[in-house]
2 protein chains.
Amino acid sequence: MTSADLAAELRAVLPTDCVLSQDEELRPYECDGLPVFRQRPALVVLPRDAQQVRQVLLTCNRLKVPVVARGSGTGLSGGATPHAHGVLLSCARMNRILAIDPKGRTARLEPGVPNLRVSEAAAVHGLYYAPDPSSQVACSIGGNVAENSGGVHCLKYGLTVHNVLGVRGFTMDGAALELGGCVADGPGLDLLALTIGSEGLLMVVTEVTVKLLPRPPCVRLVMASFAEVHHAADAVAAVIAAGIIPAAMEMMDRKATAAVEPFVQAGYDLSAAAILLVEADGTDEEVAEQVAEIEAVLRKCGASTLRVASSAAERALFWSGRKNAFPAAGRLAPDYYCMDGTIPRRHVGKVLDAIAAMELRYGLSCMNVFHAGDGNLHPVILFDANETGSWERADRFGAEILELCVQLGGTITGEHGVGVEKLNSMCVQFSSAERAAFEAVKEAFDPAGLLNPGKVIPTLARCAEYGRMRVHGGALPHADLPRF
Amino acid sequence: MTSADLAAELRAVLPTDCVLSQDEELRPYECDGLPVFRQRPALVVLPRDAQQVRQVLLTCNRLKVPVVARGSGTGLSGGATPHAHGVLLSCARMNRILAIDPKGRTARLEPGVPNLRVSEAAAVHGLYYAPDPSSQVACSIGGNVAENSGGVHCLKYGLTVHNVLGVRGFTMDGAALELGGCVADGPGLDLLALTIGSEGLLMVVTEVTVKLLPRPPCVRLVMASFAEVHHAADAVAAVIAAGIIPAAMEMMDRKATAAVEPFVQAGYDLSAAAILLVEADGTDEEVAEQVAEIEAVLRKCGASTLRVASSAAERALFWSGRKNAFPAAGRLAPDYYCMDGTIPRRHVGKVLDAIAAMELRYGLSCMNVFHAGDGNLHPVILFDANETGSWERADRFGAEILELCVQLGGTITGEHGVGVEKLNSMCVQFSSAERAAFEAVKEAFDPAGLLNPGKVIPTLARCAEYGRMRVHGGALPHADLPRF
């Protein structure tokens, strides 16, 4: 059916201003935070509440029209890349904080609420929402749920899945599901955990209940410089090995600090091969004790200089450099490609060496920023999309990094999701039996395959075409089971 | 087909001693830890490794014979109750600790390894496995995965799902799945979390990789007496509200302490209406600080006496009473029925009042033991199976408690699972759309419905027959979406 017919069908069930169909109205929705993948949707809808979402789904299900749900479009794996013949469902207008329960320490939110707004609204009660993606000013709770987003403080406080208590939403056929609750565990299959990180494949979430935490009375940030990247990497493992779980433990290499320092002026040591940002939070006593332990370990591992932020303002400044590292890459090259692999912590140094070798092989520069504490790498590959073959090389460079992560017992994504970007890498991470299980679960929720089609789960044909052998999933060491 | 034919088929693919078919050999497998449900299986198989498990599944799948997997049989919801025409697959012989990685802090285990053995084996590295069901001496890791088991320390350290990094196993058709890994998050749908707590409906797990934690250098246990059960309940909420997350916070009412004290001699205050056991762990400084805070809050809430265990031995003694509370019920009545509802903490007092009223109505006594910190109740209903109608009354009593939990925003099971026991209550907890989603996911893994059939997910017919209205799922407060 034509876009015009589809628009007419949707305008019959939604207020007119909820349906965008003009070319210039659609253009802003062509891509999410991974602009190398672009597609104009047939239509964009902007529902204001759950019932309007349901009407969109019922209509599209009847007409067999694909639906791609989108939060703020800050995703980095093309999870919200539109479908050419589909409806892009933006949750931007569903941005109300429905309730905050300070006694129960929960917040009930519409999916379009920006991540940071939750903590701002909870602040009067001395509470906050822990997961803090770098994009937290813009990214939405609904998008966080779809991608199981992380952030610099997930080392201590967990990913989105550890901080969401329940969701409500609709499957493609309009059936209402209420998953999870306000108490630990729940009966039956854990469909809540299944939905979190499902990248819009299973249902459209219309309400999210999150856990709020008491703001720690004391927070201190230690910044350490290292003359050798390996020493910084070893220090990360050493801190954890010492039984310390910092609130955050981030690493930036010299390329990253050099890119960000000039405009953030965070006071990063540009002579250092790498810096670590290690944060402790808790009571004054706990923090004092932990900072002392952290400093001792870092020194032992060869930290050349150590600085503790002397004020909240300085702490914010130290962090701002880290949080602006990706955009700062724009100063080094016209385009950048941010990867998101995970590895067991002990392999950080090994992977950095391998990436350095790949830089030469692909003729592209790569700066490294990562959630070192939980082994989540964010290599940022610098390229120039206008230069022929540059993106292709960046793409292969990225894929090689991810395959190395899998070989070392890690995964192809820590917090950015698979989307369209990592479909090939999924062939490397998972066996055909495992991909078949994903497919079967997808079909259980969405038999017609209309929700965010073509994302996350690669077809068998695609994997055959990609042709890489599946290396050991790395999930568990020493594979000793045959694969079928 | 006859049991004899089935035995012949299985003996063709397994060593003879792995197949039990004699009546006296089958009898011990008639029930798990909920003996009111009993069923002799057609056969019992005792595979020694993953490949033998796969052979059993391939054979049973070909012959369309149901398979019920079983760990140590300590489950309390009839999750391992055999199928009359099916094979009971015991993992008892798959009890090897395959690897302990002290640097990575993981242990790779066969499913039959008893929970406590993991911590014993990790002790030489100063590590332990956190989830500690009361049955931890006997219950197996595989059973813990199936039930997403908890324990007294789950308040601070989480349930099984928070402590398992990966599993390996086979679906009914013999396909090998490797789910999760040794790094945070994973790409694609979270089938690991889906499998944990799936009560044997989706796959048979043949290997489990768990997270190990450093044993805290200091642990202290505070025992507090309260003249009023309500004061104890309020104290629980007050401790959490004060921003303290104890390692454990358990409550026992007078009936429970009176039952257990005579043979454990834990030194419980039998004059108290209820006692709380509150444990703090961490460094000496942290614990000293937290114990002081806890004592202050408990006093403020009306604790009459406070005792801090003066030694590890005394601490173990205080706990032993709690951990033996269920068997101790045997001193009060010939039979007992342990419930497992969850509620938001603030309602603990309200539920205890309601239970007291039910005791009169059903003419049965109920002692109360619970993981108060996370609102997980374990009312233990006392009855006499030999007295006509006694079990039926206990069953209705239990169901009414669970329905009250749902009404208050809780759930029908915190850690014991649904099994066969709570099928009716599932009709109350979930809408038909939600039960349909469970069913669809079950079919995605096991289209023929051969794995642990008849458990966890009630049929529509059964719910219709049970006839209870679905009360609000309670997962999220203030339901404002219509149900379809």
Side-chain angles (χ1 to χ4, degrees), chain A residues 50 103-104 108 148 159 166 168 174-191 193-194 197-198 207 209 214 243 285-286 289 342-344 346 374-375 409-415 418 422 426 429 433-434 437-438 440-441 443-444 456 473-476 481 483-484, chain B residues 50 103-104 108 148 159 166 168 175-191 193-194 197-198 207 209 214 243 285-286 289 342-344 346 374-375 409-415 418 422 426 429-430 433-434 437-438 440-441 443-444 456 473-476 481 483-484:
Chain A
K103 280 197 92 168
R108 207 159 53 86
N148 189 20
L159 299 158
R168 274 204 187 131
L177 296 185
E178 182 173 325
L179 308 176
C182 50
V183 288
D185 198 16
L189 301 170
D190 190 350
L191 301 188
L194 180 67
S198 62
E207 189 178 304
T209 296
E285 298 76 0
E286 286 165 356
E289 186 185 340
T342 68
I343 51 167
R346 65 184 182 284
D374 37 31
T411 70
I412 60 170
T413 174
E415 56 187 10
V418 175
K422 305 192 188 80
M426 286 290 278
Q429 179 93 67
E434 288 152 0
F438 286 142
V441 172
E443 284 170 17
V456 185
L476 307 167
L481 291 181
R483 310 217 140 261
F484 312 97
Chain B
K103 281 196 93 168
R108 205 159 54 87
N148 189 21
L159 300 158
R168 273 199 186 139
L177 296 184
E178 182 172 326
L179 308 175
C182 52
V183 289
D185 198 19
L189 302 171
D190 190 351
L191 301 188
L194 179 67
S198 62
E207 188 178 303
T209 296
E285 298 78 356
E286 286 164 356
E289 186 185 341
T342 69
I343 50 166
R346 65 184 181 285
D374 37 31
T411 70
I412 60 169
T413 173
E415 56 185 9
V418 175
K422 304 192 190 78
M426 287 291 279
Q429 179 93 64
F430 296 104
E434 289 152 0
F438 287 142
V441 171
E443 283 169 18
V456 186
L476 308 166
L481 291 180
R483 310 213 139 265
F484 313 97

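Residue numbering restarts at 1 for every chain, and letters A, B, ... go by the order of the sequence lines. Here the structure is a predicted model, which is why all the values come from computation and not from measurement.
Comparing Met426(A), Glu289(A), Glu443(A), Arg346(A) by how many heavy-atom pairs each has under 4.5 Å with chain B, the most go to Glu289(A).
Proximity to chain B is limited to the side chain of Val456(A), based on heavy atoms less than 4.5 angstrom apart.
To the nearest 0.5 Å, the span separating CG on Leu189(A) from CG on Asn148(B) amounts to 12.0 Å.
Here the side chains of Leu194(A) and Leu191(B) are in contact, with some heavy-atom distance below 4.5 Å.
Partners of Glu285(B) under the side chain to side chain donor-acceptor pair (under 3.5 Å) rule, at least two apart in sequence or in another chain, are Thr283(B).
Nearest heavy-atom pair across Ala444(B) and Val441(A) is CB-N, 4.0 Å. Residues Pro187(A) and Thr413(B) approach most closely at CB-CG2, 3.5 Å, considering heavy atoms. Nearest heavy-atom pair across Ala176(A) and Ala433(B) is O-CB, 3.6 Å.
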